[in-house]
2 protein chains.
Amino acid sequence: MSQRDFVSAEEVAQRAGVSRSAVSRAFTPGASVSEATRQKVLQAAEELGYQVNHLARGLMRNESGIVCLIVSDVATPYRSALLRELTLQLQLAGKVAMLINTDRSDGSVNTALQQAIRYRADASVILSGLPDKSITQLCLRSGQRLVLINRDEDQSGPLHINLDDREAAARVVTAFVRAGCSRLAFANSEAGTPSLMAREEGFIAAARDHGLEVVVERHGWTGYEAGRVLAQRLLTRKERPDAVFCATDLLACGFMDAARHQFSLSIPQQLCVVGFDDIEQASWSSYRLTTFSQPVAAIAREAVTWLSENGVVQGKSLRLHSDLVWRDSVRGG
Amino acid sequence: MSQRDFVSAEEVAQRAGVSRSAVSRAFTPGASVSEATRQKVLQAAEELGYQVNHLARGLMRNESGIVCLIVSDVATPYRSALLRELTLQLQLAGKVAMLINTDRSDGSVNTALQQAIRYRADASVILSGLPDKSITQLCLRSGQRLVLINRDEDQSGPLHINLDDREAAARVVTAFVRAGCSRLAFANSEAGTPSLMAREEGFIAAARDHGLEVVVERHGWTGYEAGRVLAQRLLTRKERPDAVFCATDLLACGFMDAARHQFSLSIPQQLCVVGFDDIEQASWSSYRLTTFSQPVAAIAREAVTWLSENGVVQGKSLRLHSDLVWRDSVRGG
DNA sequence: GCGCTTATTGCAAGCGTGTGCAAATGCTGC
DNA sequence: GCAGCATTTGCACACGCTTGCAATAAGCGC
């Protein structure tokens with residue numbers, strides 16, 4: 001262990017010629033200190049470079065100020081956008097984000113939550129995977145709040161934030177039929193996330209309402225490469241689809257690239273494509289993808305306000321709306 | 001404040017019928033406990049859902065296990081890739097990442113570092129911006145380690161990790177002349193980051209060695225949109241460049257899209273483009289961009305091993321090599 | 001059983017902070 | 001000057017953990 005020597009409140013107190021409690025109070029909003037000593041303390045602190053020890057404060061207050069963000073595939077555009085928004089909002093609310101990267105194994109979310117408990121995080125936000133019920137129970141019992149984003153699976157304690165995936169999928173169908181498409185396809189990943197499945201099911205159901213069948217393919221883990229493979233599969237069918245809804249923009253990008261460069265199809269003339277997430281790349285002029293925007297800012301805002309409410313809060317379930325942003329990958333926008 | 005009630009070592013001790021110290025030792029690798037009591041403790045802990053309080057442990061051990069990652073523009077492909085690698089390596093090393101989002105204002109890195117101090121982070125890794133020397137001094141004096149990635153600016157305490165930007169830039173020049181290009185341009189952002197400037201200067205210098213002039217344009221903050229603007233500026237010159245080195249892949253993507261869709265230029269026939277970072281999009285078939293790979297994994301590994309060495313460490317400066325990955329945006333790869 | 005060494009155990013102090021409580025200080029009106 | 005009050009201040013304990021130290025238990029050769 002290296003030499004660690006942070007300046008403590010004691011030293012500040014001595015320099016300012018006051019008691020240690022005065023120092024503590026000077027850094028506690030709303031505490032009973034005269035302006036005079038407050039200034040003395042603040043100056044001494046400034047000179048010494050004192051910063052309140054949040055480990056100790058957290059220990060006393062039983063409130064660490066830490067919020068744990070549990071997420072896999074951080075490097076993915078949608079995930080990182082949500083992450084940015086969350087950290088931003090958290091900082092604005094005076095909290096700080098602890099980032100835990102999970103892989104796709106079941107246990108990894110559990111260990112992440114245990115880590116959150118060890119650091120006595122005020123709350124955890126889960127963006128990927130699903131923890132065992134026993135662990136969530138432990139969290140709630142310990143007084144740790146939980147936010148589940150796009151994880152469905154209603155439990156009673158946590159805050160659930162979901163999108164209107166099914167309705168969105170229905171809107172895609174009407175867009176496709178309005179564009180004159182009839183051979184619909186859905187390109188999904190094998191991840192089987194609730195929100196992805198909701199899009200798939202919603203799409204199939206809405207198509208059926210229009211008397212249309214849907215060809216579904218699933219492959220890989222919601223990335224660009226998977227999109228290419230799905231294109232390979234779907235575009236080589238004898239009845240080639242003329243409209244495909246991709247569960248994700250990343251899939252859509254891969255799909256479009258394969259469709260154009262490998263199958264020489266022109267979009268939207270020969271093939272209409274819709275994605276989901278509205279990642280930055282969807283707006284790039286090589287894609288100009290029609291897609292649904294994830295209301296990341298709203299999600300983050302809802303999450304942060306809920307978890308910084310004081311008093312005992314109860315879980316609730318929010319369903320946010322995702323706008324269809326029209327670009328050029330569907331005819332007749 | 002909500003009801004917070006985590007289970008403490010005391011309760012575990014009671015249930016296991018041992019003293020509180022025994023519990024502590026059972027969770028401390030290498031401590032002196034008999035296997036029998038260790039098992040008793042572990043079982044009781046399991047039953048109660050006990051997790052060691054790392055706030056308290058950090059307070060005692062003077063070592064929080066927290067490493068602070070300070071970064072702006074998290075949602076950017078290169079940044080998020082580096083972030084992923086860092087969090088991964090940190091977790092492997094038994095540390096946990098605290099993520100602080102900075103904006104581009106000068107003070108924001110400073111406040112971020114203060115936050116790091118407040119949580120008594122074992123170390124901070126700075127991916128964006130540059131802290132005031134007074135703050136870095138405070139960190140080092142307090143025994144907090146500092147890693148600066150691609151920030152140049154040699155100070156003595158921290159670990160510096162940089163790339164061979166100048167050499168890389170020189171390699172681009174030779175690639176361009178080998179492709180028969182003669183009207184070189186450099187597309188940069190206004191950010192003025194040391195590494196970006198090193199690429200610019202290296203490029204100009206190497207071009208001069210070949211008797212070539214370079215047209216330089218700078219705009220915006222290293223994003224796709226800025227790339228489009230730069231294309232606008234550079235491709236409307238009477239002497240239109242036939243080879244452009246973009247300081248960043250993101251710039252390059254914007255540049256390529258504008259060049260193709262707006263100026264109807266074909267790449268690499270009429271225009272050669274090289275980027276930097278090797279973000280995922282660079283490999284997408286709409287771009288197939290020749291670029292330099294950032295050795296993110298190596299960067300993260302170096303950073304984490306350095307900051308988890310024990311004993312007092314001294315700063316050092318590492319310069320890593322970035323490979324040129326050849327794709328199709330330059331003739332004659 | 002005894003003396004010896006060695007592995008375990010419990011006690012208690014301490015890490016840096018917040019906060020209730022009582023003492024002290026300042027202020028007002030007379 | 002003094003009583004009466006509101007505001008400030010310091011003391012001391014608590015938070016949950018680690019760890020040095022002394023005490024106890026265990027093991028061993030005789």
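Only heavy atoms go into these numbers, but all of them, side chains included; no hydrogens, no water, no symmetry mates. First the proteins, then the strands, lettered A, B, ... as listed; each starts at 1.
A 4.0 Å heavy-atom criterion places the boundary nucleotides of DNA chain D facing chain A at D:dT8 to D:dG16, written 5' to 3'.
Judged purely by atom type and a 3.5 angstrom limit, B:S128 uses its side chain to pair as donor or acceptor with the backbone of B:S72.
Taking the ring centroids of A:Y50 and A:F27, they lie under the 6.0 Å cut-off.
Side-chain contact, B:T87 with A:N101: a donor N or O sits under 3.5 Å from an acceptor N or O. Side-chain contact annotation: A:D132 with A:S134, donor-acceptor N/O pair under 3.5 Å absent. There is a side-chain donor-acceptor pair under 3.5 Å between A:T37 and A:S34. Counting only N and O atoms by type, the side chains of A:Q39 and A:E35 include a donor and acceptor under 3.5 Å apart.
Mapping A:S24 and B:A22 onto DNA chain C via the closest heavy atom, the residue that lands nearer the 5' end is B:A22.
Here B:S19 does not reach the OP1 or OP2 of C:dT9: none of its side-chain N or O atoms lies under 4.0 Å away.
Heavy-atom contacts from other residues, nucleotides or ligands closer than 6.0 Å to CH2 of A:W221 number 12 or fewer.
B:S8 comes within contact range of the sugar-phosphate backbone alone, with a heavy-atom separation under 4.0 Å but no base atom that close. Residue A:S34 is in sugar-phosphate contact alone, with no base atom involved, counting any heavy-atom pair closer than 4.0 Å across all strands shown. Note on B:V33: only backbone sugar-phosphate atoms sit closer than 4.0 angstrom, heavy atoms only; bases stay farther off.
Between A:K95 and A:D122, at least one side-chain N (NZ, or NE/NH1/NH2) sits under 4.0 Å from a carboxylate O, which counts as a salt bridge. Salt bridge A:R84/B:D73: absent, no basic N to carboxylate O contact under 4.0 Å. We find that B:E63 and A:R4 are not joined by a salt bridge, their nearest charged nitrogen and carboxylate oxygen being 4.0 Å or further apart. Salt bridge B:R141/A:D5: absent, no basic N to carboxylate O contact under 4.0 Å.
To the nearest angstrom, C1' of C:dG20 lies 10 Å from CE of A:M60. The CD-P distance, from B:E10 to C:dC11, rounds to 10 Å in whole Å. Atom CD1 in B:I117 sits roughly 16 Å away from atom C1' in C:dG16 (whole-Å rounding). If you take OH of B:Y119 and C1' of C:dG16, they are 15 Å apart, rounded to a whole angstrom.
Residues from residues 36-59 of chain B lying near DNA chain C, meaning a heavy-atom separation below 4.0 Å, are B:T37, B:L59 in numerical order.
Comparing the helix axis at one end of the helix from C:dG1-D:dC30 to C:dC30-D:dG1 with that at the other, each defined from 5 consecutive pairs, gives an inter-axis angle of 30° (nearest 10°).
On a pure distance criterion of 3.5 Å, a polar donor-acceptor pair joins the side chain of B:R25 and the base of C:dG10.
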